[in-house]
There are 2 protein chains.
Amino acid sequence: METRELAYFAAVAEELHIGRAAARLGMAQPPLSRAIQKLERRLGVRLLERSSRGVTLTPAGEVLAREAAKVLDAVAAATARTRRAGRADPRLVVALKPGGDGGLLPDILAAYPAHPDAVEVELVLCGVAERARLVRAGTADVAFLHSPYEDLTGFGSEPLVSEGSVAVVPAGHPLAGRERVRLADLDAGPVPRWPRDHSEITDPAALLQLVALGRLVVVAPESAGELVRRDLVCVPVADGPPTTVVLAWPEEARSRALAAFVRTAAAVAKGHGDADR
Amino acid sequence: METRELAYFAAVAEELHIGRAAARLGMAQPPLSRAIQKLERRLGVRLLERSSRGVTLTPAGEVLAREAAKVLDAVAAATARTRRAGRADPRLVVALKPGGDGGLLPDILAAYPAHPDAVEVELVLCGVAERARLVRAGTADVAFLHSPYEDLTGFGSEPLVSEGSVAVVPAGHPLAGRERVRLADLDAGPVPRWPRDHSEITDPAALLQLVALGRLVVVAPESAGELVRRDLVCVPVADGPPTTVVLAWPEEARSRALAAFVRTAAAVAKGHGDADR
DNA sequence: CGTCTCCATACCGTCAGGGTATGGGCCGCG
DNA sequence: CGCGGCCCATACCCTGACGGTATGGAGACG
């Protein structure tokens with residue numbers, strides 16, 4: 001099975017329409033039809049149920065769609081990792097979202113170069129959903145993720161720091177002066193609470209704008225509270241979900257530079273934890 | 001990058017000799033040379049260091065060799081899983097080595113069909129190293145593995161039962177009559193102890209033959225002791241490593257039939273544990 | 001019942017990939 | 001020091017796989 005065929009099938013499985021899939025692949029419809037038929041013949045399995053309204057996946061087709069996605073991911077990762085390994089200067093690419101490092105990154109970056117296996121560190125700031133994807137795709141070596149909000153399957157990981165939650169409210173909000181609040185206090189008001197409600201919004205600026213307008217209350221990890229606008233106030237949430245900042249890398253990674261980074265980060269986190277006590 | 005090219009590169013990376021790799025691939029040397037060059041051009045990276053004695057891998061080549069193996073595994077798994085999903089009768093393929101089920105399998109097989117998501121179960125009896133490979137390759141859906149002896153990375157897993165170790169010795173052995181022994185007792189004798197020594201031997205019959213000849217002492221999980229020949233004796237090892245029989249499946253598996261099997265197995269294991277108390 | 005939509009088939013051209021022949025560098029040996 | 005052998009690269013040719021265009025046929029819908 002060639003990757004080209006798998007990419008074809010993946011497109012068809014997404015579009016459920018051979019013509020549209022062909023257009024997306026930049027090719028004509030007949031060769032795509034034939035390519036899928038050929039796949040079916042070679043596998044000895046029907047993958048598509050054809051009708052005059054489009055196509056649907058058979059159970060085997062569903063399986064192949066999932067497997068094909070994995071293969072294509074692996075191929076993309078192979079390309080990216082090989083390219084990066086071929087660059088003259090070895091680098092460690094670290095993906096994080098702004099404020100997503102639990103405040104540890106400055107100390108980590110300061111301590112890391114002292115390690116004998118250390119290499120240049122490149123930081124990639126990206127959105128929430130991007131980070132895990134970059135690591136899976138081989139574009140980044142390691143990412144700061146938030147457990148349990150993000151899926152760690154397929155990653156090796158090292159928990160760094162745990163922290164509580166704060167509620168972000170406008171400065172004039174009735175709860176703004178409180179020492180701490182409970183989730184029930186937030187829900188007593190008329191305003192929806194993110195991420196329970198409207199979790200489809202992921203842009204921080206947009207979220208905070210809604211908070212400033214009094215249309216939303218946001219519950220977020222403490223460290224994210226450092227980044228909010230001056231017209232907003234953070235109040236600790238007593239029963240808020242605890243969040244752990246974890247370092248995550250591809251499970252099979254064997255790079256010494258990466259291992260050194262993880263160990264440095266763990267040591268720095270331990271130091272911070274001790275200092276907090 | 002096509003899978004064909006990755007297979008080519010994988011062969012070259014293993015042989016470190018383009019001519020031999022070509023022979024193994026059933027093709028002539030020049031097209032293989034060109035295929036690798038093309039890969040290098042497309043990736044913009046040198047993969048091989050050529051000399052008149054053969055080739056060696058550059059660092060980028062090492063990376064690609066690992067990544068290519070992963071891709072090829074994923075492709076093989078995709079083929080196997082799709083083919084199996086296309087078969088008329090859905091089946092759950094369970095891989096285990098003889099005696100590797102901790103004695104739970106009969107009860108699991110008895111209880112499983114009652115579950116609404118249950119399907120036919122096919123058992124594949126195989127060697128020690130085979131089991132994990134079969135699951136990774138998509139030939140089996142789930143395997144009984146022994147933790148911590150086997151690598152569970154990339155697998156979802158459910159621990160079933162833990163058990164102690166026994167030493168397997170000939171009937172006439174000085175320790176054969178003891179109630180229990182310690183590892184130090186075994187090492188006091190002149191005979192090497194498996195798996196610490198000679199762990200390259202994996203065939204059970206061969207191992208037991210060596211035990212019978214007084215050339216080896218084997219430390220194994222209790223349940224494996226059921227299977228030894230009548231001329232051998234099992235003595236509990238007080239400080240032997242505890243072994244856990246775990247059920248392992250591909251992390252991303254989503255089949256209902258598999259989930260039902262795992263849940264049934266966990267329930268049966270819990271029942272056994274209670275009964276033991 | 002006509003028409004539209006969508007997939008399959010027929011037929012054709014092109015180029016990628018594989019084969020054979022041969023060249024060129026490096027090493028080892030006489 | 002020169003010769004031969006080993007191994008990879010280049011040159012050249014050919015086949016067939018893959019993609020394109022044209023068209024057929026089956027089901028859905030008005």
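The shown structure was predicted, so the numbers you read here are calculated from the model rather than taken from an experiment. Naming: A, B, ... by sequence-line order, numbering from 1 per chain.
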Enquirer: Between atom CG in A:Leu48 and atom P in C:dC6, what is the gap in whole Å?
Expert: 15 Å

Enquirer: Not counting sequence neighbours, which residues clear side-chain contact (heavy atoms from CB on, under 4.5 Å) with A:Val246? List them please.
Expert: A:Leu145, A:Ser147, A:Leu152, A:Pro159, A:Thr244

Enquirer: Once you round it to whole Å, what is the distance between P of C:dG18 and CD1 of B:Ile36?
Expert: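 To the nearest whole Å, that distance equals 11 Å.
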
Enquirer: Could you check how far CG of A:Leu47 sits from C1' of C:dA8, rounded to whole Å?
Expert: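 About 16 Å, once rounded to whole Å.
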
Enquirer: Measure CD/B:Glu40 against C1'/D:dA9 and give the value in whole Å, please.
Expert: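 Rounded to the whole Å, the gap is 12 Å.
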
Enquirer: Got a sec, which pairs hit ring pair (Phe, Tyr, Trp, His ring centres under 6.0 Å) with one end in residues 109-144 of chain B, sequence neighbours left out?
Expert: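 Ring pair (Phe, Tyr, Trp, His ring centres under 6.0 Å) check on residues 109-144 of chain B returns B:Tyr112-B:Phe261.
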
Enquirer: Rounding to a whole Å, what distance do you find between B:Leu16:CG and D:dC8:P?
Expert: 10 Å

Enquirer: Whether B:Lys97 and B:Glu130 form a salt bridge (side-chain N of Lys/Arg under 4.0 Å from carboxylate O of Asp/Glu) is what I want to check.
Expert: no

Enquirer: For A:Glu62, which residues count as a side-chain contact (heavy atoms from CB on, under 4.5 Å) partner, sequence neighbours excluded?
Expert: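 A:Leu57.
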
Enquirer: Does OP1 or OP2 of D:dA9 have a side-chain N or O of B:Arg50 closer than 4.0 Å?
Expert: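 It does, given that an N or O in the side chain of B:Arg50 lies less than 4.0 Å from OP1 or OP2 of D:dA9.
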
Enquirer: Using 4.0 Å as the upper bound for N to carboxylate O, is an ion pair formed by A:Arg91 and A:Asp141?
Expert: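 Salt bridge between A:Asp141 and A:Arg91, a charged N being under 4.0 Å from a carboxylate O: no.
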
Enquirer: How does protein reach along nucleotides 14-21 of chain D, written 5' to 3' as B (base within reach of a heavy atom under 4.0 Å), S (only sugar-phosphate), or - (no contact)?
Expert: ---SSBBB

Enquirer: Take atom CZ in A:Arg87; do more than 12 heavy atoms of anything else shown fall under 6.0 Å from it?
Expert: no

Enquirer: Tell me, please, which residues at least two apart from B:Glu2 pass side chain to side chain donor-acceptor pair (under 3.5 Å).
Expert: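 Residues passing side chain to side chain donor-acceptor pair (under 3.5 Å) with B:Glu2: A:Thr3.
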
Enquirer: Please assess B:Val142 against B:Val135 for the test side chain to side chain contact (heavy atoms under 4.5 Å, CB included), listing each intermediate value before the final yes or no.
Expert: CA-CA 6 Å; B:Val142 60; B:Val135 176; 5.7 Å; no

Enquirer: What nitrogen or oxygen pairs link the protein and nucleotides 1-7 of chain D at under 3.5 Å?
Expert:
residue, atom, partner, partner atom, Å
D:dC7, OP1, B:His17, NE2, 3.3
D:dC7, O5', B:His17, NE2, 3.2
D:dC7, O4', B:Ser52, O, 3.3

